[in-house]
2 protein chains.
Amino acid sequence: MLKGHLDAIVLAALEAEPAHGYGIIATIKQGSGNTFDLPEGTVYPALHRLEEAGLLSSAWTTPQGGRRRRMYSLTRAGSAALASRRDAWGRFSQAVDSLLRGSRTWPA
Amino acid sequence: MLKGHLDAIVLAALEAEPAHGYGIIATIKQGSGNTFDLPEGTVYPALHRLEEAGLLSSAWTTPQGGRRRRMYSLTRAGSAALASRRDAWGRFSQAVDSLLRGSRTWPA
DNA sequence: ATATATACCTAGCTACACTAGGTATGGAAG
DNA sequence: CTTCCATACCTAGTGTAGCTAGGTATATAT
């Protein structure tokens with residue numbers, strides 16, 4: 001469960017270059033060292049949400065002798081959103097880190 | 001949104017010493033540098049869930065001239081659960097980190 | 001000819017954090 | 001002394017987001 005951080009992850013996966021659904025899933029799987037093997041039922045609705053929100057744009061393409069693919073790219077708003085999500089993740093993870101570490105001062 | 005990480009945070013807040021609901025909220029707020037100011041409607045149900053699951057035990061106490069408090073402590077199962085949650089958090093945050101960082105090799 | 005991998009889609013479920021209310025008591029302010 | 005606030009607890013209901021479990025279709029491999 002990625003609760004709340006999926007959007008950031010998907011946006012980040014599209015930062016380097018446009019990609020299609022299956023490719024995004026593969027990118028996320030590899031980039032996370034197999035930690036995140038997301039089901040399609042998670043990723044496709046997320047892509048639709050993000051496009052609906054104007055953070056992604058999509059276009060159908062058909063590579064030579066291949067099946068049709070819907071390629072997604074970051075919009076300008078998407079880049080901005082990614083930056084802000086990265087920020088939020090930084091604050092969030094740092095907060096959780098310090099809570100799990102136990103914030104009391106260590107004895108000498 | 002803490003989705004999925006709340007349990008770990010609450011368990012960690014009780015690791016050092018037993019505490020009551022309000023105290024736990026304050027501990028989490030301070031320990032996170034004010035990042036997490038959790039509403040009671042988030043924390044109390046979580047405490048009940050965790051007790052139900054056997055990870056916490058509770059007892060009513062009434063400090064001298066004070067209001068009654070329900071003090072929660074980690075059970076042995078709670079300690080074990082915390083350890084495993086810490087592990088899961090480590091893997092999770094590392095995976096998100098590398099995805100948000102962009103896992104491609106950097107140009108020289 | 002059949003199976004497998006690729007590629008996309010979505011209705012509905014579930015879990016869970018949160019909203020928005022409620023009760024009660026101790027101490028401070030007036 | 002009574003009114004207000006902070007402390008302290010509780011829960012019914014809501015919103016949502018990720019996931020389950022189904023479906024369609026085409027290219028390649030067997």
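Throughout, a chain's letter reflects where its sequence line sits, starting with A, and its residues are numbered from 1.
Across the protein-nucleic acid pair, Ile25(A) atom CD1 and dC19(D) atom C1' stand 13 Å apart, rounded to whole Å. At whole-Å resolution of the value, CZ in Arg68(B) and P in dA24(C) are 10 Å apart. Atom CG of Leu2(B) and atom P of dC16(C) are 13 Å apart (whole Å). Rounded to a whole Å, the CD atom of Glu40(A) is 20 Å from the P atom of dG12(C). The nearest whole Å value for the distance from the CE atom in Met71(A) to the C1' atom in dC8(C) is 14 Å. To the nearest angstrom, P of dC18(C) lies 17 Å from NE2 of His48(B). Taking atom CG of residue Asp37(A) and atom P of nucleotide dG18(D), one finds them 16 Å apart after rounding to whole Å. Residue Glu52(A) contributes atom CD, which lies 16 Å from atom C1' of dT16(D) at whole-angstrom precision.
Residue Tyr22(A) places its side chain closer to dA7(C) than to any other of dC19(D), dT11(D), dA7(C). Of the listed nucleotides (dT25(C), dA17(D), dT19(C)), dT19(C) has the atom at the smallest distance from the side chain of Pro39(B). Comparing atom distances between the Arg49(B) side chain and each of dC19(D), dA17(C), dC9(C) picks out dA17(C) as nearest. Proximity note for Arg70(B) (side chain, C-beta onward) versus dT11(D), dC10(D), dC8(C): the nearest is dC10(D). Nearest nucleotide to the side chain of Trp60(A), out of dC19(D), dA27(D), dC8(C): dC8(C). When the nucleotides dA17(D), dC18(C), dC10(D) are ranked by their closest atom to the side chain of Lys3(B), dA17(D) comes out on top. The side chain of His20(B) lies closest to dA8(D), out of dA8(D), dC10(D), dC9(C).
For Gly66(A) and Asp7(A), each mapped to the nucleotide of DNA chain D holding its nearest heavy atom, the one lying further toward the 5' end belongs to Asp7(A). Nucleotides of DNA chain D nearest to Thr42(B) and Gly41(A) differ in position, and the one nearer the 5' end is that of Thr42(B).
Of the side-chain N and O atoms in Arg67(B), one or more sit less than 4.0 angstrom from OP1 or OP2 of dA8(D). A close approach under 4.0 Å does not occur between any side-chain nitrogen or oxygen of His5(B) and OP1 or OP2 of dC16(C).
Side-chain atoms of Glu15(B) do not come within 3.5 Å of backbone N or O of Ser79(B) as any donor-acceptor pair. Side-chain N or O atoms of Thr75(B) include one that pairs as donor or acceptor with a backbone N or O of Gly54(B) at under 3.5 Å. Here the side chain of Ser98(B) pairs a donor or acceptor atom with the backbone of Gly31(A) at under 3.5 angstrom.
The only option from His48(A), Arg69(A), Glu51(A) that meets the side-chain hydrogen bond (donor to acceptor under 3.5 Å, both in side chains) definition with Ser58(A) turns out to be Glu51(A).
For the pair Lys29(A)/Phe36(A), no side-chain contact is recorded, criterion being any heavy-atom separation below 4.5 Å from C-beta on.
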